[in-house]
Amino acid sequence: MFTLARNLWIAAASASLFLLFATVSIADEERRLQAVNPPGADIPGISQAMIVRSGKLMYLSGHVPFGGDGKLAVADFEAQLDQVFANMGRTLEAAGTDFSALARVTFFVRDYDISKLEALRMVRDRWIDTENPPASALVGVAALFHPDVLVEVDAIAVLPD
């Protein structure tokens with residue numbers, strides 16, 4: 001009787017450990033990207049670096065604030081950035097993924113000044129995975145390809161194998 005109870009306990013404990021490790025492995029495998037943020041490098045909404053643990057890379061061209069009708073979004077920075085992210089969302093969806101796949105994002109902002117940073121972060125955070133944000137860069141430029149375009153964004157995404 002004692003041996004049977006002990007064997008059942010060992011079997012149950014072994015099964016629990018197997019399920020625990022299987023769950024951790026599955027969770028690790030599902031996360032294709034791993035954020036790297038060293039101590040003291042705390043910038044809101046970005047990761048200092050991203051490790052690509054698995055998957056295929058997809059390079060997104062510079063996305064601009066033109067709607068599906070070919071017309072430019074209104075001349076407001078936030079509205080243009082929101083249109084850019086909507087366009088990126090359609091590209092990601094066409095590839096079978098979403099914003100959680102972004103490993104890196106680069107913002108090109110015409111006539112950048114610090115007052116645009118808060119608006120950029122607010123719009124960006126509505127679209128990206130804020131729990132595991134992509135690495136990013138912000139580049140102020142004098143002009144973009146069209147005189148009324150205020151922002152362009154390119155990115156690198158990681159798709160499942």
Side-chain angles (χ1 to χ4, degrees), residues 22-161:
T23 302
V24 169
S25 297
I26 289 168
D28 286 345
E29 283 182 26
E30 287 176 2
R31 178 150 289 202
R32 295 181 304 272
L33 298 168
Q34 176 186 350
V36 177
N37 290 301
D42 191 25
I43 299 173
I46 70 163
S47 295
Q48 293 299 309
M50 294 297 282
I51 296 172
V52 177
R53 297 176 71 178
S54 67
K56 299 179 288 188
L57 293 180
M58 178 174 83
Y59 296 87
L60 287 80
S61 293
H63 281 62
V64 294
F66 285 86
D69 59 2
K71 294 184 180 177
L72 181 66
V74 295
D76 172 73
F77 177 72
E78 289 179 42
Q80 285 196 12
L81 186 55
D82 206 46
Q83 181 65 57
V84 166
F85 274 106
N87 294 344
M88 288 176 67
R90 283 193 293 281
T91 301
L92 292 164
E93 185 178 338
T97 192
D98 59 24
F99 284 96
S100 68
L102 293 181
R104 175 153 175 95
V105 177
T106 304
F107 297 89
F108 300 92
V109 179
R110 192 186 88 200
D111 301 324
Y112 176 76
D113 68 69
I114 195 70
S115 69
K116 293 180 180 175
L117 186 58
E118 185 178 340
L120 186 145
R121 287 178 174 165
M122 182 185 67
V123 173
R124 175 204 61 199
D125 288 354
R126 289 196 304 251
W127 294 91
I128 66 163
D129 176 5
T130 57
E131 293 297 313
N132 198 40
S136 69
L138 170 61
V139 181
V141 296
L144 291 165
F145 79 101
H146 185 284
D148 296 327
V149 170
L150 302 175
V151 62
E152 182 171 337
V153 180
D154 71 12
I156 300 172
V158 180
L159 307 175
D161 285 324

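Here the structure is a predicted model, which means the values were calculated and not measured.
In terms of the side chain to side chain contact (heavy atoms under 4.5 Å, CB included) criterion, residue partners of Tyr59 (sequence neighbours excluded) are, by chain and number, Leu57, Ile156.
Within the structure, every pair that satisfies the salt bridge (Lys or Arg N to Asp or Glu O under 4.0 Å) test and touches residues 82-102, not counting sequence neighbours, is listed here: Asp82-Arg126. Annotation: salt bridge (Lys or Arg N to Asp or Glu O under 4.0 Å) contacts involving residues 152-161, sequence neighbours excluded, are absent.
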For residues 61-68, which side-chain N or O atoms pair as donor and acceptor with protein atoms under 3.5 Å away, sequence neighbours left out?
unit_1: His63; atom_1: ND1; unit_2: Ser61; atom_2: O; d: 2.6
unit_1: His63; atom_1: NE2; unit_2: Thr91; atom_2: OG1; d: 2.8

Would you list the atom pairs, donor with acceptor, under 3.5 Å between side chains in residues 72-79 and any protein atom, with sequence neighbours excluded?
unit_1: Asp76; atom_1: OD2; unit_2: Glu78; atom_2: N; d: 3.3
unit_1: Asp76; atom_1: OD2; unit_2: Ala79; atom_2: N; d: 3.0

Can I get a per-line list of side-chain donor-acceptor pairs under 3.5 Å for residues 134-146, giving both atom names and the distance, sequence neighbours left out?
unit_1: His146; atom_1: ND1; unit_2: Asp148; atom_2: N; d: 3.0

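A heavy-atom distance below 4.5 Å is found between the side chains of Lys116 and Asp111. Looking at Met88 and Leu102, their side chains come closer than 4.5 Å, going by heavy atoms from C-beta outward.
Contact detail for Leu150 and Gln80: the closest heavy-atom pair is N-OE1, 2.7 Å. For the pair Asn132 and Ala35, the tightest heavy-atom approach, listed with the atom from each and the gap, is OD1-CB, 3.4 Å. Residue Ser100 comes nearest to Leu33 through the heavy atom pair O-CD1, 3.8 Å, listed as atom of the first residue, atom of the second, then distance. Nearest heavy-atom pair across Phe99 and Phe85 is CZ-O, 3.1 Å.
Checking Leu60, Asn87, Leu159 one by one against Leu92, the side chain to side chain contact (heavy atoms under 4.5 Å, CB included) holds for a single residue, Leu60.
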Worksheet item: For Val84 and Phe107, what are the C-alpha separation, side-chain angles and deciding distance, and is it a side-chain contact (heavy atoms from CB on, under 4.5 Å)?
Response: CA-CA 10 Å; Val84 166; Phe107 297 89; over 6 Å; no

